[in-house]
Amino acid sequence: MKITVLTVGKIKEKYWNMALAEYSKRLSRYCKLEITEVADEKTPDGAGEALEEQIRQKEGKRLLDKIPGNAHVIALAIQGKMLDSVELADRLEKLAVSGTAHIVFIIGGSLGLDEAVLRRAHEQLSFSRMTFPHQMMRVILLEQIYRGYRIINHEPYHK
């Protein structure tokens, strides 16, 4: 299985990159992991809704251009379905058994995802009703994917 984390913006902080490297290493025994970043747009303070929508659309176009046609797309969105770790593991396993070879998880920028990206997604997943920085969300997502594979393979993992 190939898993792509498609995300808006780059990570500059060493500690986030170290955490991502650790989970990437752990996941390498279960799947082929790829992290693809697209450029984010600068959002001026006090930007109006029209400008914010334009920014979401520009970032959305960049994201859409990177999604392979055969991939199963899961957008991370506050309004998405909430799953616990066992349910996420079950979802990953069912996708694999059904013949899905490539899953793309999409993490938006500071303004969220454009409607066109949400429409392209096969499903929307929420980790919380709270908002998290995209850097942290990447780490949380990779940790949960790793936990999911440990669950699928009946391997111990702390609770």
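Reckoned from all heavy atoms, side chains included, excluding hydrogens, waters and symmetry mates.
By the side chain to side chain contact (heavy atoms under 4.5 Å, CB included) test, Ser85 is found to be paired with Gln144, Arg147, Ile151, residues two or more places apart in sequence or in another chain being considered. Looking at residues two or more places apart in sequence or on another chain, you find a side chain to side chain contact (heavy atoms under 4.5 Å, CB included) between Asp65 and Lys61.
Residues Thr100 and Ile103 share a closest heavy-atom pair of CG2-CG1, 4.1 Å. Heavy-atom minimum distance, Ala39 versus Val8: O-CG1, 4.1 Å. Here the shortest heavy-atom pairing between Asn17 and Ile11 reads ND2-O, 3.4 Å. Taking both residues in full, the closest heavy atoms of Leu113 and Gly108 are given as CD2-CA, 3.4 Å, listed atom of the first, atom of the second, then distance. Contact detail for Ile78 and Ser126: the closest heavy-atom pair is O-OG, 3.1 Å. Scanning both residues, Gly148 and Ala89, for their nearest heavy atoms gives O-CB, 3.4 Å.
Counting heavy atoms from C-beta outward, Thr7 and Arg138 have side chains that approach closer than 4.5 Å. Within the 4.5 Å cutoff, side-chain heavy atoms of Gln79 are placed close to those of Leu118. Using a 4.5 Å heavy-atom cutoff, the side chains of Ile74 and Ile106 are not in contact. Side-chain atoms of Arg62 and Glu41, non-hydrogen and from C-beta on, do get closer than 4.5 Å to each other. Side-chain atoms of Glu53 and Asp114, non-hydrogen and from C-beta on, do get closer than 4.5 Å to each other. Proximity of Ser110 to Asp40: side-chain heavy atoms (C-beta onward) are nowhere separated by under 4.5 Å. The closest side-chain heavy-atom distance from Met137 to Phe127 is below 4.5 Å. For the pair Lys2/Glu34, a side-chain contact is recorded, criterion being any heavy-atom separation below 4.5 Å from C-beta on.
Checked by atom type and distance alone, the side chain of His122 pairs as donor or acceptor with a backbone atom of Val73 at under 3.5 Å. With Asn153 contributing its side chain and Glu155 its backbone, the two residues share no donor-acceptor pair below 3.5 Å.
Two different hydrophobic clusters hold Leu64 and Val5 under the rule that ILVMFWY side chains link at heavy-atom gaps under 4.5 Å. When hydrophobic clusters are built by joining Ile, Leu, Val, Met, Phe, Trp and Tyr residues whose side-chain heavy atoms come closer than 4.5 Å, directly or via intermediates, Leu125 is grouped together with Tyr146. Follow the hydrophobic side-chain contacts under 4.5 Å out from Tyr30 and you reach Leu95 in the same cluster. If you chain together hydrophobic residues whose side chains sit under 4.5 Å apart, Phe132 and Leu20 fall into the same group. Both Leu76 and Ile145 are part of a single hydrophobic cluster, where members link through side-chain heavy atoms under 4.5 Å apart.
The CE atom of Met18 lies 13.0 Å from the CD atom of Glu13; values are rounded to the nearest 0.5 Å. Of the inter-residue distances, the one linking Arg91 atom CZ with His72 atom NE2 reads 4.5 Å to the nearest 0.5 angstrom. Rounding to the nearest 0.5 angstrom, the gap separating the CD1 atom in Ile3 from the CD1 atom in Ile35 is 11.0 Å. Here the straight-line distance linking atom CG of Leu27 with atom CG of Leu33 works out to 6.0 Å at 0.5 Å rounding. Atoms NZ and OG1, from Lys66 and Thr36 in turn, are 7.0 Å apart once rounded to the nearest 0.5 Å.
Applying the 4.5 Å side-chain rule to ILVMFWY residues, one finds Leu51, Ile55 in the same cluster as Leu111.
Between Glu123 and Lys81 there is no salt bridge, since none of the side-chain N atoms of the basic residue sits less than 4.0 Å from a carboxylate O of the acidic one. A salt bridge is absent between Glu59 and Arg56: the closest approach of a Lys/Arg side-chain nitrogen to an acidic carboxylate oxygen does not fall below 4.0 angstrom. Between Lys94 and Glu87 there is no salt bridge, since no side-chain N of the basic residue sits under 4.0 Å from a carboxylate O of the acidic one.
Applying the 6.0 Å contact sphere to CD of Glu115 captures no more than 12 heavy atoms from other residues, nucleotides or ligands.
Between the side chains of His102 and Thr4, at least one donor-acceptor pair of N or O atoms lies under 3.5 Å.
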Q: Start with the C-alpha distance between Tyr149 and Glu93, add both sets of side-chain angles, then the distance that settles side chain to side chain donor-acceptor pair (under 3.5 Å), and finish with yes or no.
A: CA-CA 8 Å; Tyr149 277 112; Glu93 187 172 34; over 6 Å; no

